[in-house]
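FYI, the numbering just counts along the sequence from 1. Computed over heavy atoms, backbone and side chain alike; hydrogens, waters and symmetry mates excluded.
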Amino acid sequence: MLFDEKPMFISPTGTAGMWSARWRCYLTMMMGQQSDPVMGMAMQAFDELTEGDDTEEGKKKIREAAEHIFAEAASANPGAVTPEVREAQVASVFSVLMRWQSNQFRFENGCE
């Protein structure tokens, strides 16, 4: 091997569905790591990223996105989730979304 490089993750930015797309990407990696060693490496690399820091307004938007993602997932049976479980799950989604946000780079289209 000439060199070893951590995986790069590509996801939409600045779109209405970017938070849901990023969460689905994380879930895909989480499920895929069971049978695919490369997906396991990607998952490990992502989990090693830090949440970093964002403005209070930025954190509020990400928290709202995490709450929306959880509500969507729990919509089939919302009464089955206790407030404690809900808060723990929202915190988990928030943590994943913060890692996406804190470690992203935005590349503009140079052709325009």
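In this view, Gln89 satisfies the side chain to side chain donor-acceptor pair (under 3.5 Å) rule with no residue, not counting sequence neighbours. For Asp47, the salt bridge (Lys or Arg N to Asp or Glu O under 4.0 Å) partners at least two apart in sequence or on another chain are Arg99. When the side-chain contact (heavy atoms from CB on, under 4.5 Å) test is applied to Ser75, no partner is found at least two apart in sequence or on another chain. In terms of the side-chain contact (heavy atoms from CB on, under 4.5 Å) criterion, residue partners of Ser102 (sequence neighbours excluded) are, by chain and number, Met98.
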Distance-only criterion, 3.5 Å: show the donor-acceptor pairs between side-chain atoms of residues 59-66 and protein atoms not counting sequence neighbours.
unit_1	atom_1	unit_2	atom_2	d
Lys59	NZ	Asp53	OD1	3.1
Arg63	NE	Glu67	OE2	3.1
Arg63	NH1	Glu87	OE2	3.1
Arg63	NH2	Glu87	OE1	2.8
Arg63	NH2	Glu87	OE2	2.9

I'd like a table of donor-acceptor pairs (distance under 3.5 Å, sequence neighbours excluded) in which one partner is a side-chain atom from residues 27-38, with atom names and distances.
unit_1	atom_1	unit_2	atom_2	d
Thr28	OG1	Arg24	O	2.9
Gln33	NE2	Met30	O	3.4
Asp36	OD1	Val38	N	3.0

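If you take CZ on Arg22 and OG1 on Thr15, they are separated by 8.0 Å, rounding to the nearest 0.5 Å. Interatomic distance, CD of Gln44 versus CG of Leu49, reported as 11.0 Å (0.5 Å rounding).
Other members of the hydrophobic cluster containing Val81, listed by chain and number, are Phe70, Val85, Val90; membership follows side-chain contacts under 4.5 Å among ILVMFWY residues, whether direct or relayed.
Counting only residues at least two apart or in different chains, ring-ring contact (aromatic ring centres under 6.0 Å, His included) contacts with residues 36-63 comprise Phe9-Phe46, Tyr26-Phe46, Phe46-Trp100.
Taking every heavy atom of both residues into account, Trp19 and Ile69 meet most closely at O-CD1, 3.7 Å.
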